[in-house]
Amino acid sequence: MVMASSGNSHAKIILIGEHSVVYHQPAIALPLPAVKEVVTLTPRDDGQQRLVSRYYTGDRQSGPNQLNGINCLIDSLLTRFSLQSQGFELTVNSHLPAERGMGSSAATAVAITRALYEFAGVALSHDQLLADAAISEQIIHGNPSGLDVATASANRPVWFVKGEEPKPIPMHMHGFLVIADSGIRGQTGEAVKAVATFRATHLSQATRLFNELGGLTSQARQAFEADQIAVLGSVFNRAQVLLEQLGVSHPKLDEMNEIARQNGAIGAKLTGGGMGGCMICLADTESTATRIRRALATAGVTQTWVQPFLSEETV
Ligand code: MEV
């Protein structure tokens with residue numbers, strides 16, 4: 001007997017290590033618990049399986065191809081719980097902008113997995129959650145590192161190495177992270193493919209870039225532990241240069257990074273897959289963060305968020 005259920009998750013921001021994490025270098029990501037996603041599941045007597053979301057509402061199997069990953073995840077869990085012919089309405093309520101490098105697809109996968117386990121009355125371990133949510137991420141992104149899913153299900157900053165258990169990292173950094181949306185759809189799948197092609201044709205250069213990004217991630221971790229925002233700022237700026245060399249930046253992101261630096265940001269870089277999506281930068285005080293947000297808004301940026309590094313929810 002199934003019961004109405006719900007599952008939640010939230011956005012994430014990769015602080016450093018995107019792309020190189022796919023090649024086994026470490027990455028650090030910060031959960032953004034304030035930017036939430038909730039999935040609810042209500043049983044239906046007529047056997048229909050309906051999806052209600054901001055992109056599509058209707059029979060879940062008749063939706064656009066973008067739903068293939070989610071449908072595959074749902075099929076696999078329904079089969080596991082012998083609920084293939086159970087009717088339901090699955091409602092996705094998300095505050096995450098899609099395709100902006102904030103882990104929207106992973107957050108959806110995590111929330112759906114949690115909701116379906118509760119629906120079936122089956123207990124869910126954290127390891128199982130990571131493994132199941134990865135089903136749809138593999139279809140959507142091809143070769144995901146697992147970082148997005150790990151952070152969408154975490155409530156503390158995580159140190160992540162592909163294939164290893166994510167570890168919470170000590171966070172003593174004062175200051176603020178400003179996140180700004182370029183308004184251009186990020187293309188994580190495309191960007192991951194472009195980096196794979198670059199690596200196939202320029203192996204030694206790509207390996208050097210990945211190794212340096214991995215080294216910067218270790219430096220960032222030390223900076224977080226020792227509360228050294230200036231060090232973290234240089235790490236961000238250098239990582240941006242390396243990501244540009246990998247070919248995953250975008251002129252709009254470059255422009256936004258520059259505006260942020262001119263308005264007091266201590267360092268700035270793209271975050272996530274790139275080729276669009278969001279940038280992040282560091283502000284030492286809330287008033288600097290406000291100045292950066294205003295300057296970006298004057299340049300036409302419509303969505304920004306500010307996250308203190310030391311907040312009750314992430315420490
Ligand atoms: C995407 O949010 C992060 C990438 O490193 C890809 C991945 O880790 O799977 C670009």
Side-chain angles (χ1 to χ4, degrees), residues 9-32 35 37 66 69 73 94 96-110 130-154 157-167 177 179-182 184-199 206-207 209-217 220 236 239-240 242-250 253 269-280 305:
S9 62
H10 46 69
K12 68 96 200 11
I13 279 296
I14 299 182
L15 294 172
I16 182 143
E18 49 275 274
H19 289 292
S20 45
V21 69
V22 174
Y23 301 94
H24 298 278
Q25 294 292 337
I28 299 174
L30 189 73
L32 296 180
V35 187
E37 170 147 348
Q66 286 94 313
L73 168 64
S94 178
L96 279 75
E99 303 183 76
R100 296 294 198 274
M102 290 176 82
S104 170
S105 62
T108 302
V110 165
L130 298 188
D132 287 339
I135 297 172
S136 65
E137 284 293 276
Q138 251 140 25
I139 291 167
I140 295 166
H141 293 320
N143 181 22
S145 63
L147 173 63
D148 289 4
V149 165
T151 324
S153 60
V158 291
W159 174 266
F160 182 88
V161 177
K162 191 174 177 176
E164 294 178 16
E165 172 130 356
K167 295 189 186 73
L177 188 73
I179 304 147
D181 183 357
S182 67
I184 297 161
R185 280 175 51 192
Q187 302 165 50
T188 301
E190 288 307 304
V192 169
K193 266 193 232 148
V195 171
T197 306
F198 178 77
R199 180 173 176 267
T207 307
L209 293 173
F210 297 149
N211 288 343
E212 189 175 345
L213 283 163
L216 289 172
T217 303
F236 270 25
Q240 172 63 30
L242 302 178
L243 290 164
E244 280 168 27
Q245 289 175 17
L246 277 177
V248 294
S249 196
H250 185 282
L253 292 169
K269 65 183 277 292
L270 68 85
T271 178
M275 294 184 159
C278 289
M279 56 75 77
I280 52 176
W305 299 261

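Indexing begins at 1, ligand by ligand and atom by atom, following the structure's order.
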Working for side-chain contact (heavy atoms from CB on, under 4.5 Å), residues Leu32 and Ile179: CA-CA 11 Å; Leu32 296 180; Ile179 304 147; 3.7 Å; yes
Considering both backbone and side-chain atoms of Ser145, is one of its nitrogen or oxygen atoms within less than 3.5 Å of a nitrogen or oxygen in ligand 1? yes
Is there a side-chain contact between Ile14 and Lys12, using heavy atoms and a 4.5 Å cut-off? yes
Tell me, please: is Lys12 in heavy-atom contact with ligand 1, that is, under 4.0 Å? yes
Considering only non-hydrogen protein atoms, determine which one is nearest to atom 3 (C) of ligand 1 and report residue, atom name and distance to 0.1 Å. Ile14 CD1, 3.5 Å
Protein contact of atom 4 (C) of ligand 1 - nearest heavy atom, named by residue and atom, plus distance: His19 N, 4.0 Å
Which residues share a side-chain contact (heavy atoms from CB on, under 4.5 Å) with Ser20, sequence neighbours left out: Gln25, Phe210, Leu213
Flag the pair Leu216 / Ile16 as yes when at least one side-chain heavy-atom distance between them is below 4.5 Å, and no otherwise. yes
Any Gly273 heavy atom less than 4.0 Å to ligand 1: yes
So between Thr188, Leu243, Val21, Thr151, whose heavy atom ends up nearest atom 1 (C) of ligand 1? Thr188
Using side-chain heavy atoms (C-beta onward) and a distance below 4.5 Å, is Leu177 in contact with Trp305? no
Should Lys269 and Glu244 count as an ion pair when the cut-off is N to O under 4.0 Å? no
May I ask you to list the atoms of ligand 1 that are less than 4.0 angstrom from any heavy atom of Glu18? 5 (O)
